[in-house]
Amino acid sequence: MVWGVVGTNYDKQRERMVRRQMENRDIRDPRVLAAMRRVPRHEFVPQDVRGQAYDDGPLLIGENQTISQPYIVAFMSQALELGETDRVLEVGTGSGYQTAVLCELARQVYSLERHASLAATAGATLARLGYANVEIRVGDGSQGWPEHAPYDAIIVTAAAPHVPEPLLAQLADGGRLVLPVVEGDSMRSQMLLRITRVGDEYPVTPLIPVVFVPLIGRQGFEPHTDIGDGGLL
Ligand code: SAM
């Protein structure tokens with residue numbers, strides 16, 4: 001094996017990921033597919049799991065948190081229906097991979113992460129890759145980021161106990177909110193919701209069942225809430 005062609009190897013793996021995991025499923029938005037082809041996921045995962053960067057699943061990134069399954073990143077990005085001039089709020093920066101995809105699709109991204117170490121690593125990776133249309137802050141994203149509201153789109157990448165009221169209030173008219181919400185008693189029973197703002201009304205569309213790590217915060221769960229082992233997005 002000639003490891004001088006490592007970059008090419010990742011490019012091939014990424015192309016295969018987009019074809020098998022996205023085009024073969026239900027990702028149809030050409031802008032989302034192009035973004036998934038551009039963003040180098042291997043740059044956002046810890047060195048020891050780089051070989052699995054284009055696998056069809058989440059990976060641990062530290063602080064007991066995960067980089068989401070690539071298909072879910074594409075699915076949520078598609079559900080947001082982003083336009084080039086949109087301003088987006090992301091709750092749960094994690095590795096910064098979904099953030100990079102949002103940066104490809106929208107004009108400005110504001111991203112909140114409760115773990116300072118993850119926010120720092122994600123910020124450094126995004127800067128190294130040249131993403132300049134993003135601002136990251138450490139804090140409780142369950143309350144949103146009122147200073148920059150209203151947002152054309154809001155994405156939450158951790159499971160909430162209910163739809164956080166401040167996020168609805170920070171959505172622009174016509175805006176879209178995509179988030180996982182825990183249903184019933186089991187933390188592992190979650191539904192991904194798409195909520196649109198139409199004036200003072202907020203119609204809700206259930207999308208697909210998911211299993212995300214918990215949203216921790218004032219509008220979320222208590223710290224140290226455990227969701228159970230394995231398969232978290
Ligand atoms: N989309 C990310 C990626 O691809 O790397 C994965 C995000 S991970 C599944 C969820 C993230 O939400 C974790 O990094 C977690 O620390 C963060 N989080 C949980 N509750 C939060 C809150 N209230 N505010 C901000 N971040 C929160």
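When a ligand or atom number is given, it counts from 1 through the structure's own listing order.
Atom CD1 of Ile155 is separated from atom CG of Leu179 by 9.5 Å, given to the nearest 0.5 angstrom. One distance of note links OG1 of Thr157 with OH of Tyr97; it measures 13.5 Å at 0.5 Å rounding. In this structure, CG in Asp56 is found 4.0 Å from CD in Gln21, a value given to the nearest 0.5 Å.
Here Ile67 has heavy atoms under 4.0 Å from ligand 1 in both its backbone and its side chain. When heavy-atom distances to ligand 1 are checked against a 4.0 Å cut-off, Pro214 comes that close only through its backbone atoms N, CA, C and O. When heavy-atom distances to ligand 1 are checked against a 4.0 Å cut-off, Glu113 comes that close through both its backbone and its side chain.
Scanning both residues, Phe212 and Ala159, for their nearest heavy atoms gives CB-N, 3.8 Å. In terms of heavy atoms, Gly57 sits closest to Pro70 at O-CD, 3.7 Å.
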Side-chain donor-acceptor pairs of residues 72-84 under 3.5 Å, sequence neighbours excluded:
residue, atom, partner, partner atom, Å
Ser77, OG, Val73, O, 2.6
Ser77, OG, Gln98, NE2, 2.9
Gln78, OE1, Arg28, N, 2.8
Gln78, OE1, Asp29, N, 2.9
Gln78, NE2, Asp26, O, 3.1
Glu81, OE1, Arg194, NH2, 3.1

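Between Asp140 and ligand 1, at least one pair of N/O atoms sits closer than 3.5 Å. Geometrically, ligand 1 and Ile216 share a nitrogen or oxygen pair separated by less than 3.5 Å. Between Arg114 and ligand 1, at least one N/O pair is under 3.5 Å apart. Ligand 1 has a nitrogen or oxygen under 3.5 angstrom from a nitrogen or oxygen of Gly141.
When Thr196, Asp152, Asp86 are each tested for a side-chain hydrogen bond (donor to acceptor under 3.5 Å, both in side chains) with Arg176, only one passes: Asp86. Each of Gln13, Glu15, His42 was evaluated against Tyr54; a single residue qualifies, His42, per the side-chain hydrogen bond (donor to acceptor under 3.5 Å, both in side chains) test.
Remark: the backbone N or O of Arg14 is not paired with any side-chain donor or acceptor of Arg41 at under 3.5 angstrom.
In this structure, atom 4 (O) of ligand 1 lies nearest to the protein heavy atom Ser68 N, 3.4 Å. Here the heavy atom of the protein found nearest to atom 3 (C) of ligand 1 is Ser95 OG, 3.5 Å. When only non-hydrogen protein atoms are considered, atom 10 (C) of ligand 1 lies nearest to Thr157 O, 3.2 Å. Among protein heavy atoms, the minimum distance from atom 8 (S) of ligand 1 is reached at Thr66 O, 3.2 Å.
Under 4.0 Å is where a charged nitrogen must lie from a carboxylate oxygen, and between Arg37 and Glu104 no such pair does. For the pair Arg137 and Glu113, the salt-bridge criterion is not met [side-chain N within less than 4.0 Å of a carboxylate O].
Taking a cut-off of under 4.0 Å to the non-hydrogen atoms of Ser142, the atoms of ligand 1 that pass are 23 (N). Listed by number with element, the atoms of ligand 1 under 4.0 Å from a non-hydrogen atom of Leu118 are 14 (O). Within the listing of ligand 1, atoms 20 (N), 21 (C), 22 (C), 23 (N) sit less than 4.0 angstrom from a heavy atom of Leu215. The contact set between ligand 1 and Gln98, taken as ligand atoms under 4.0 Å from a residue heavy atom, comprises 1 (N), 4 (O). The atoms of ligand 1 that sit less than 4.0 Å from any heavy atom of Val213 are 9 (C), 10 (C). Per-residue contacts place Leu112 under 4.0 angstrom from the following atoms of ligand 1 (heavy atoms of the residue considered): 25 (C), 26 (N). Near Thr93, meaning under 4.0 Å from any of its heavy atoms, are these atoms of ligand 1: 2 (C), 5 (O).
Between the side chains of Thr125 and Glu43, no donor-acceptor pair of N or O atoms lies under 3.5 Å.
Ligand 1 is approached by Gly139 to a heavy-atom distance shorter than 4.0 Å. For Gly220, the heavy-atom gap to ligand 1 stays at 4.0 angstrom or more.
Between the choices Gly92, Pro70, Pro58, Gly96, the shortest heavy-atom distance to atom 11 (C) of ligand 1 belongs to Gly92.
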